[in-house]
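A short worksheet on the structure shown next.
All values derive from a computational prediction rather than experimental measurement.
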Amino acid sequence: GMKSTVYISDPTWANHRGIFQSCGFDVKTYRYWNQEKRNLNFEGMVADFEAMPEGSIAILHQCAHNPTGVDPTEEEWKEIEAVIREKNHYVFFDSAYQGFASGCTERDAFAVRHFYDQGHSMIVTQSFAKNMGLYGERTGAIHIVCSDVDEKKRVESQLKILIRPMYSNPPIFGARVVATILEDAELTAKWKEA
């Protein structure tokens, strides 16, 4: 059958290309970095989203873009979201550095929350390796926002098929550390101050 295409930023984290190619996707890029001006190529990025075939998959860095460290502003995110919604693209957010871009985990969540508020189905992968100091503990989450309960059931079924052969029980230490911190308001406040 026909391969789906995933669009990654140019440049991006080196593993993005390999991960999606190994899953059978064609991988193409959209403009992101303006080398000459050393800033975000916002116009090129938006033009590329507009030019992608309808229903394409776009990989976006939630914040602290790797490797540039340059992110769209909140107003630019709103424009990006509008184009992606208009073109019916599917969004996959990579969230590896939440809290590192602005120093505030809430502010750094703007893009994902805005897309959610606009009704997007999407995938968000979230790592706690850096912002919780748990590198090597394989602590993170995948969040899949579905359009309805039937889609949720189908997605959950597929996730179980994929996950079960990889591990029966995921690593738990890091997850318990994160849960302990995030479920306690005082500990969460201390973590956000650190």
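Summarising the geometry, atom CZ belonging to Arg154 is positioned 13.0 Å from atom CG belonging to Leu159; distances are rounded to the nearest 0.5 Å. With rounding to the nearest 0.5 Å, the separation of NE2 in His120 from NE2 in His114 is 7.0 Å. Ile181 contributes atom CD1, which lies 11.0 Å from atom NZ of Lys190 (distance to the nearest 0.5 angstrom).
Identified under the salt bridge (Lys or Arg N to Asp or Glu O under 4.0 Å) test for residues 36-50, with sequence neighbours left out: Arg31-Asp48. Within the structure, salt bridge (Lys or Arg N to Asp or Glu O under 4.0 Å) contacts touching residues 62-76 (residues at least two apart or in different chains) are Glu75-Lys78. Annotation: salt bridge (Lys or Arg N to Asp or Glu O under 4.0 Å) contacts involving residues 102-125, sequence neighbours excluded, comprise Glu106-Arg113, Glu106-Lys192.
Val178 and Met132 get closest at one heavy-atom pair: CG2-CG, 3.9 Å.
With no hydrogens or angles considered, no side-chain donor-acceptor pair links Glu193 and Trp191 at under 3.5 Å.
In this structure, the side-chain hydrogen bond (donor to acceptor under 3.5 Å, both in side chains) partners of Ser147, at least two apart in sequence or on a different chain, are Glu151. Every residue meeting the ring-ring contact (aromatic ring centres under 6.0 Å, His included) condition with Trp13, not counting sequence neighbours, appears here in chain and number order: His16. Glu81 meets the salt bridge (charged side-chain N to carboxylate O under 4.0 Å, His left out) test with Arg85; sequence neighbours excluded. A search for side chain to side chain contact (heavy atoms under 4.5 Å, CB included) contacts involving Glu156 returns Lys152, Lys160, not counting sequence neighbours. Applying the side-chain hydrogen bond (donor to acceptor under 3.5 Å, both in side chains) criterion to Asn41, with sequence neighbours excluded, gives no partner residue. Listed by chain and residue number, Tyr7, Ser56 satisfy the side chain to side chain contact (heavy atoms under 4.5 Å, CB included) test with Pro53 (two or more places apart in sequence, or in another chain). Under the side chain to side chain contact (heavy atoms under 4.5 Å, CB included) criterion, His143 pairs with Val124, Gln126, Ala141, not counting sequence neighbours. Residues satisfying the side chain to side chain contact (heavy atoms under 4.5 Å, CB included) criterion with Asp184, sequence neighbours excluded, are Glu186, Leu187.
Here Tyr97 is tied into one hydrophobic group with Phe100, each link being a pair of ILVMFWY side chains closer than 4.5 Å.
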Could you walk me through whether Phe20 and Phe92 satisfy the ring-ring contact (aromatic ring centres under 6.0 Å, His included) test, starting with their C-alpha distance in whole Å, then the side-chain angles of each, then the deciding distance to 0.1 Å, before giving a yes or no?
CA-CA 11 Å; Phe20 291 102; Phe92 185 122; 5.4 Å; yes
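Relative orientation of the Phe115 and Trp77 rings is perpendicular, given thresholds of 30° and 60° on the angle between their planes.
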